[in-house]
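All residue numbers refer to positions in the sequence shown, counting from 1.
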Amino acid sequence: MKTNLSSQIKLDLIPKRYYAPDNKIEFASLCREEKVFTQIYETIDEGVAKIANAVVETIEKSVEQKGKCVIALGSGNSVLPVYAELIRRNEAEEVDFSKVVVFNLFEFYPTIKGNPSTLDRLDMFFLSKVNIKAENVHSFNQEIEKSDLLEACREYEAEIDACGGLDLVLCEVGTAGNIALNCPGSSMTSGCRLTLIDPVTRRSVSSSYDLETAPTTAVTLGVGNILSAKKVICMAWGENQSKIVKATVEDKASETVPSSFLQMHRNAKIIVDLSAAESLTRICHPWLVTSCEWNNKLIRRAIAWLCEQTGKPILKLTNNDFNEHGLNELAAQYGSAYNVNIKVFNDIQHTITGWPGGKPNADDTDRPERANPYPKRVIVFSPHPDDDVISMGGTLKRLVDQKHDVHVAYETSGNIAVGDEDMFRYILVMDQIQKEFGLDSETYLEKSKQIKEFLKQKHPGDVDSAEIRFLKGRIRRAEAKTACNWMGVKPENVHHLDLPFYETGTIKKGDLSEKDVKIVKDLIMSVKPHQIFVAGDLADPHGTHRVCTDAVLAAVDELLDEDFMKDCRIWMYRGAWAEWEIDHIEMAVPMSPEELRFKRNTILKHQSQMENAPFLGDDDRLFWQRAEDRNRATAKLYSSLGLASYEAMEAFVEYHPIR
């Protein structure tokens with residue numbers, strides 16, 4: 001079973017010379033916009049191996065020179081794969097940690113029952129699994145009085161100085177551009193201190209530590225402490241980090257993005273994978289730093305960028321526009337700007353269709369979906385019980401109205417995303433109608449009592465009881481069925497898969513297993529679809545979308561030799577977190593103002609996910625607002641390029657199974 005196929009989705013094949021050039025001269029040219037040394041690797045595993053090599057080399061060199069190596073360690077999710085690799089090497093006797101001195105980069109303060117500890121996390125994932133001596137591990141005292149904190153911070157810095165200073169800092173670029181817990185607003189010379197954790201970082205902490213509410217303050221080594229280290233290795237993985245990586249590496253250093261102060265360090269290094277590097281100039285706009293290997297997608301991206309730079313639609317771009325913005329090479333290759341313009345205009349025009357299932361009895365040569373067979377059997381896989389309508393509600397409605405046999409499969413129960421207040425409302429209703437509807441049985445009364453008692457004693461981070469999880473799951477089911485009924489999906493075509501990996505009762509989920517894949521596989525076999533729609537939202541901050549996508553792709557992989565799969569197309573949609581870039585979009589389904597309003601009303605059927613939804617991420621807008629803004633932005637982009645002007649659009653990319 002292949003469980004990580006989503007990580008192998010290559011929307012565009014980036015030439016290796018952009019991220020791993022053959023010589024230093026070409027590297028210098030490609031990286032001229034980058035103000036801190038940055039290395040890009042195709043996969044996280046490759047990046048992790050290189051970081052582990054650098055750590056081992058630093059340890060050996062420092063121990064040889066002064067008898068010990070002093071390292072400050074971070075505890076974020078990005079660093080954990082590095083620790084796993086170092087543990088493996090320690091077990092293989094490839095590295096010795098007995099002379100390594102460790103300083104904890106930051107610690108939550110003060111100690112409150114139920115609050116996490118970064119030292120405990122470091123110990124769990126690294127320190128306890130290698131031969132680091134206990135007396136060589138230093139951290140902040142969470143129990144010290146606040147009045148003594150300033151002096152304690154100075155003493156912590158003195159301990160580092162007494163060890164000869166930091167030989168290495170190993171950390172990550174935070175989601176808010178923080179380095180350690182130096183959040184936006186931290187100065188370049190800041191020292192060890194108590195700091196307020198910004199909202200974006202708190203959400204990241206909540207996810208990492210499986211908490212509903214993250215701590216608000218922490219003690220951290222300052223930017224100045226980190227910059228005083230002999231070497232700093234900072235890492236970032238995944239497309240959701242790409243914008244902050246660009247701000248760190250290419251933008252002017254500022255307190256707004258504390259990680260950008262690494263530009264001031266002579267021996268700092270940023271290590272990223274291709275996904276995290278996608279906003280860097282050499283990856284995103286390579287024509288600005290080198291000659292390009294032009295393919296259809298890169299040409300489309302370049303022209304969309306040129307339209308943005310000039311404020312012109314595609315068909316009004318001139319040879320002079322190409323020359324002034326570094327695209328003369330492209331115009332020369334096609335003979336003139338006009339030839340490029342026509343090619344790209346037609347290419348994007350052909351992505352637009354009001355028939356997402358294919359238009360019957362029509363010439364489908366230039367349409368994204370084939371005309372036949374008609375009607376099609378369609379499965380829309382939805383990670384949570386509302387992603388279908390948030391991400392592709394307009395398209396789903398079109399498919400139903402155009403008489404296709406549409407199935408909706410909700411992969412998880414979504415129970416953890418229901419707030420206690422929303423759940424308790426249903427308990428109160430059932431309490432009030434129990435006699436009238438014959439609910440006053442001993443079983444119900446006992447369970448109602450247990451739920452109320454549990455809620456009274458519940459602390460942040462506590463796992464809900466089985467009864468509460470069941471009830472929250474049924475609330476999500478009822479909302480989903482109401483929305484599907486509103487859409488016109490047949491009741492028998494609504495499937496609740498309840499994949500086992502999700503049912504942990506906590507934010508942290510289990511690993512994808514054969515059981516999960518079999519459930520998906522059985523549904524596909526029973527429907528034998530001509531179309532599958534699947535989440536491509538790989539930037540989902542909680543990872544559930546990615547696991548759900550992996551479950552579908554793993555099932556598809558095992559069914560590739562089935563005859564019906566040879567006539568099945570797989571379309572990836574995106575939802576609340578991001579939209580497909582214009583160069584990747586292969587099908588764009590327009591919506592009228594009325595259709596967009598209908599989509600909004602369908603999303604609103606999921607009442608538990610409105611104001612009280614616990615996982616809104618870094619965006620304060622509600623899901624229906626995000627969906628509308630995203631769909632309108634896609635339509636506005638098409639309009640600005642000189643194509644038809646619609647109220648809104650939903651966009652899709654075709655997935656081609658890897659054989």
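Counting heavy atoms from C-beta on, the side chains of Ile299 and Asp347 never come closer than 4.5 Å. At a threshold of 4.5 Å between non-hydrogen side-chain atoms, the residues Leu105 and Thr220 do not count as touching. Leu227 places a side-chain heavy atom less than 4.5 Å from the side chain of Met188. The closest side-chain heavy-atom distance from Ile226 to Asn182 is below 4.5 Å.
Taking the six-membered ring where tryptophan is involved, the planes of Phe27 and Phe37 are tilted, since the angle between them lies from 30° to 60°. Phe97 and Phe126 have perpendicular rings, their planes meeting at more than 60° on a 0 to 90° scale where under 30° would count as parallel.
When only modelled atom types and interatomic distance are considered, Glu586 and Thr351 share no side-chain donor-acceptor pair under 3.5 Å. If you check the side chains of Asn296 and Lys343, you find a donor sitting under 3.5 Å from an acceptor. In this structure, a donor-acceptor pair under 3.5 Å is present between the side chains of Thr201 and Asp198. Remark: the Gln241 side chain and the Glu172 side chain contain no N/O donor-acceptor pair separated by less than 3.5 Å. For the residue pair Trp294 / Glu329, a side-chain donor-acceptor distance below 3.5 Å is found, with atom types taken as modelled. Side-chain contact annotation: Asn225 with Ser228, donor-acceptor N/O pair under 3.5 Å absent. Lys252 and Ser260 share no donor-acceptor pair across their side chains, judged by distance under 3.5 Å alone. Side chains of Asp273 and Thr43: a donor-acceptor N/O pair is absent below 3.5 angstrom, by distance only.
Only one option out of Thr290, Asn23, Asp22 pairs with Arg17 in a side-chain hydrogen bond (donor to acceptor under 3.5 Å, both in side chains); it is Thr290.
For the pair Ser640 (side chain) and Leu637 (backbone), a donor-acceptor distance under 3.5 Å is present. Proximity of a side-chain donor or acceptor of Asp388 to a complementary backbone N or O of Ser382 within less than 3.5 Å is not detected. Side-chain atoms of Arg282 never come within 3.5 Å of backbone atoms of Cys31 as a donor-acceptor pair (strictly under, hydrogens ignored). In this structure, Glu579 contributes its side chain and Asn631 its backbone to no donor-acceptor pair below 3.5 Å. Of the possible polar contacts, one joining the Lys129 side chain to the Met124 backbone as a donor-acceptor pair under 3.5 Å is found. In this structure, Ser275 contributes its side chain and Glu239 its backbone to no donor-acceptor pair below 3.5 Å. Between the side chain of Arg32 and the backbone N or O of Ser29 there is at least one donor-acceptor pair closer than 3.5 Å. Gln263 places a side-chain N or O within 3.5 Å of a backbone atom of Thr248 that can act as its donor or acceptor partner. Side chain of Glu250 to backbone of Glu33: no donor-acceptor contact under 3.5 angstrom is found. Within the 3.5 Å criterion, the main-chain N or O of Leu327 finds no donor-acceptor partner in the side chain of His325.
Using a cut-off of 4.0 Å between Lys/Arg side-chain N and Asp/Glu carboxylate O, Asp387 and Arg574 are scored as not salt-bridged. Ion pairing of Glu91 with Arg88 is absent here, as no side-chain N (NZ or NE/NH1/NH2) approaches a carboxylate O to less than 4.0 Å.
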(request) Verify salt bridge (Lys or Arg N to Asp or Glu O under 4.0 Å) between Glu581 and Arg301, making sure each step is shown before the conclusion. (result) CA-CA 8 Å; Glu581 295 81 2; Arg301 181 191 302 179; over 6 Å; no

(request) Apply side-chain hydrogen bond (donor to acceptor under 3.5 Å, both in side chains) to the pair Thr634 and Glu650, showing each step before the final yes or no. (result) CA-CA 7 Å; Thr634 303; Glu650 293 173 339; over 6 Å; no

(request) Show your working on salt bridge (Lys or Arg N to Asp or Glu O under 4.0 Å) between Lys16 and Glu46 and close with a plain yes or no. (result) CA-CA 14 Å; Lys16 192 169 184 178; Glu46 288 182 33; over 6 Å; no

(request) Give the intermediate values and the outcome of salt bridge (Lys or Arg N to Asp or Glu O under 4.0 Å) for residues Lys243 and Asp251. (result) CA-CA 11 Å; Lys243 290 182 180 179; Asp251 293 353; over 6 Å; no

(message) Set out, in order, the CA-CA distance, both residues' side-chain angles and the distance that settles salt bridge (Lys or Arg N to Asp or Glu O under 4.0 Å) for Arg300 and Asp583, then state yes or no.
(response) CA-CA 5 Å; Arg300 201 200 288 189; Asp583 44 311; over 6 Å; no

(message) Does Arg89 form a side-chain hydrogen bond (donor to acceptor under 3.5 Å, both in side chains) with Asn53? I'd like the steps, not just the answer.
(response) CA-CA 10 Å; Arg89 295 189 185 197; Asn53 289 344; 2.7 Å; yes

(request) Please step through ring pair (Phe, Tyr, Trp, His ring centres under 6.0 Å) for the pair Tyr41 and Tyr19, ending with a clear verdict. (result) CA-CA 7 Å; Tyr41 294 95; Tyr19 60 90; 8.7 Å; no

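Interatomic distance, Thr58 OG1 to Lys230 NZ, rounded to the nearest 0.5 Å: 11.0 Å. A distance of 4.5 Å separates CD1 of Ile14 from CG of Leu274, quoted to the nearest 0.5 Å.
When the shell of 6.0 Å around NZ of Lys518 is examined, it contains 12 or fewer heavy atoms from other residues, nucleotides or ligands.
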